[in-house]
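Working notes, beginning with the structure itself.
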Amino acid sequence: MSKPKGFEIPIGVRDYLPRAVSKLRAIELNVLACMERWGYRQIMTPTMEYYDTVGVASSTSDRKLFKLLNNRGTTLVLRSDMTAPIARVVSSLLKDEEVPLRLSYHANVFRAIEEEAGREAEFFQTGVELVGDDSPEADAEVVALAIASLQAAGVTSFKIAMGHVGFLNGLFEEIIPGRQAEQQALKELLLSRDVVGYRTEIEALGLASEHRDKLEAILRLRGGKEICEQATRLSVDQKTLQSIAHLCEVWEVLEAYGVSEHVLVDLTMIGDFSYYTGMTFEGYASEIGFPVCNGGRYDNLLQQFGRSVPATGFALKTNRIVDGVDGIAIETKRPVLIRYDEQGRQEALSAAAQLRAEGFTVVTGLTGGPEDRRHEQQDLYAEVYSYTAAGRQPVQRRELP
């Protein structure tokens, strides 16, 4: 293996330069403030967790976890999402708090990737968890808050695709009962959006034409509220019908929020089918070909930490918004330059402190030093003042920002 060069960084991680950091922080602050207005309190958890607890409970496949050993030989993981760590906290440190609990977060998470372009091993998420409420109202709340959060992040053109894993689970069990391997294959093809592969798999099942048509019809179940009614014609299974009824109720609440124009029903939407237990959704911005948020209901997760309560939530893929959406304008304010000689140093630094206390950005430097030379080469400063033995002199006067 060749030794890394001096300026190389590992594949999948990146440096964020000042302008990107300013945009990231603006999005983070705007979104967290939005979540706080909805009653969500911010939480922080460790970057490292025990593999045997949070690592095992995570929705991330084992091969995508970053694992390391501590000095006692215990296996740790870098957090691969925030949902499992928050479930741990809710089941331990917050176990005596009454539900529902509303928690928000902004954090970097880590997932091992194959060496391919465009994939990141470290990225940022901003999201919420609503714990202790299994109603359609709770599911609608997180969808509506996801919409408000996308808008707070500067995403103006987007759609939320919403489905329900119970619909597919019930319909597949009704049509191909007990054939778990085939059911899983169909789910994986839907998850990867492989329509051709899905149709090929249906043909290989050797089903009667009626059943084959029903499985084919799933691909057309994408649209408004009318899709729920169409879906009920495909099944008599109670689990399937209950799932559709729940989704209809969620839609009605979203109509009351006044945000249903941003939502469509997509019953091919299954999310991570090993993790979600009910309603699931993804958000797509018109500028980006990848999801910018995802979420759903995961009622079984907290049982793994000894607290059996339902939960739902979502996460914004913050770094994708930073890279692909220009909705938040980052204003670069030019600072004030105060330069001085030895005789004027004390007065100059006192003046700089006063301006900073008033909210201005101030750069200081000796006359003839680096800042002077930068100023001579580029118009970098809103104002320039010189403090010398002769007193305070405005060198370049402009209206201060």
Side-chain angles (χ1 to χ4, degrees), residues 24-45 54 57-60 79-91 93-94 97-109 123-155 158 160-162 250 253-254 257 259 262-263 271-272 275-285 291-302 305 307 309-322:
L24 175 67
R25 293 302 179 217
I27 291 171
E28 171 192 352
L29 292 174
N30 287 356
V31 172
L32 287 173
C34 173
M35 293 168 174
E36 185 177 6
R37 291 192 293 271
W38 284 59
Y40 287 77
R41 298 174 294 160
Q42 190 175 354
I43 190 171
M44 297 175 68
T45 66
V54 168
S58 168
S59 64
T60 308
R79 63 187 175 210
S80 62
D81 63 21
M82 282 295 293
T83 302
I86 289 176
R88 173 186 58 77
V89 173
V90 168
S91 302
L93 300 176
L94 297 178
E97 286 209 21
E98 292 292 327
V99 295
L101 284 170
R102 289 176 169 83
L103 301 171
S104 65
Y105 61 85
H106 175 81
N108 55 340
V109 297
F123 50 96
F124 292 90
Q125 291 184 340
T126 313
V128 303
E129 311 297 346
L130 173 50
V131 180
D133 188 342
D134 62 357
S135 69
E137 299 282 338
D139 284 335
E141 178 176 317
V142 298
V143 174
L145 179 51
I147 291 168
S149 298
L150 286 170
Q151 292 169 334
V155 185
F158 60 88
I160 302 289
M162 182 175 66
V250 172
V253 181
L254 291 173
Y257 273 112
V259 298
H262 297 291
V263 183
D272 185 335
Y275 183 69
Y276 290 115
T277 60
M279 185 273 296
T280 181
F281 66 94
E282 286 184 341
Y284 294 86
V292 291
C293 75
N294 67 289
R297 177 162 293 282
Y298 53 96
D299 287 345
N300 297 333
L301 176 62
L302 276 88
F305 296 96
R307 189 174 185 182
V309 289
T312 185
F314 73 88
L316 298 190
K317 299 178 184 296
T318 316
N319 52 305
R320 286 184 179 171
I321 297 173
V322 168

Gln42 atom CD, neighbour heavy-atom count above 12 within 6.0 Å: yes
Heavy-atom neighbours of Glu137 CD exceed 12 at 6.0 Å: no
Test: Glu129 and Arg102 ion pair at under 4.0 Å: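 Salt bridge absent between Glu129 and Arg102.
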Taking the basic N atoms (NZ, or NE/NH1/NH2) and the acidic carboxylate oxygens, is any pair closer than 4.0 Å for Glu282 and Lys317?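 No, no charged N to carboxylate O under 4.0 Å.
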Is it the case that Asp81 and Thr83 place a side-chain donor and acceptor less than 3.5 Å from each other?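 There is no such pair between these side chains.
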Do Thr277 and Asn300 get their side chains close enough for a donor-acceptor pair, meaning under 3.5 Å?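 Thr277 vs Asn300: no donor-acceptor pair found between side chains.
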Would you say the side chain of [Y] lies within less than 4.5 Å of the side chain of [X], judging by non-hydrogen atoms?
X: Val143; Y: His262; answer: no
X: Leu130; Y: Tyr40; answer: yes
X: Cys34; Y: Gln151; answer: no
X: Glu28; Y: Leu32; answer: yes
X: Arg79; Y: Thr45; answer: yes

Test side chain to side chain contact (heavy atoms under 4.5 Å, CB included) on Leu150 and Cys293 and set out the steps. CA-CA 8 Å; Leu150 286 170; Cys293 75; 4.1 Å; yes
Counting N and O atoms only, with roles assigned by atom type, does the side chain of [X] sit under 3.5 Å from a partner on the main chain of [Y], one being a donor and the other an acceptor?
X: Arg297; Y: Gly313; answer: no
X: Thr312; Y: Gly296; answer: yes
X: Arg307; Y: Val90; answer: yes
X: Arg320; Y: Pro291; answer: yes

Could you walk me through whether Leu103 and Val128 satisfy the side chain to side chain contact (heavy atoms under 4.5 Å, CB included) test, starting with their C-alpha distance in whole Å, then the side-chain angles of each, then the deciding distance to 0.1 Å, before giving a yes or no? CA-CA 5 Å; Leu103 301 171; Val128 303; over 6 Å; no
Apply side chain to side chain contact (heavy atoms under 4.5 Å, CB included) to the pair Phe281 and Phe314, showing each step before the final yes or no. CA-CA 9 Å; Phe281 66 94; Phe314 73 88; 3.4 Å; yes
With sequence neighbours excluded, tell me which residues meet side-chain contact (heavy atoms from CB on, under 4.5 Å) with Val31.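 Val31 satisfies side-chain contact (heavy atoms from CB on, under 4.5 Å) with Ile27, Met35, Thr126, Ser149, Ala152, Ala153, Leu316 once adjacent residues are dropped.
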Please give me the minimum heavy-atom distance between [X] and [Y], naming the atom from each residue.
X: Gly283; Y: Ile160; result: CA-CD1, 3.7 Å
X: Val292; Y: Ala285; result: CG2-N, 3.9 Å
X: Val250; Y: Pro136; result: CG2-O, 3.8 Å
X: Tyr105; Y: Ile86; result: CD2-CD1, 3.5 Å
X: Val99; Y: Gly132; result: CB-CA, 3.8 Å
X: Leu301; Y: Ala57; result: CD1-O, 3.5 Å

Nearest 0.5 Å, please: how far is [atom2] in [Y] from [atom1] in [X]?
X: Asn319; Y: Asn108; atom1: CG; atom2: CG; answer: 10.5 Å
X: Leu94; Y: Arg88; atom1: CG; atom2: CZ; answer: 10.0 Å
X: Met82; Y: Ser104; atom1: CE; atom2: OG; answer: 9.5 Å

So, using ring-ring contact (aromatic ring centres under 6.0 Å, His included) as the criterion, who are the partners of Phe124 when residues are at least two apart? Tyr16, His106
Is there a side chain to side chain contact (heavy atoms under 4.5 Å, CB included) between Val142 and Met279 once you walk through the steps? CA-CA 11 Å; Val142 298; Met279 185 273 296; 4.3 Å; yes
Tyr275-Tyr298 aromatic ring centre distance below 6.0 Å: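 Tyr275 vs Tyr298: aromatic centres under 6.0 Å.
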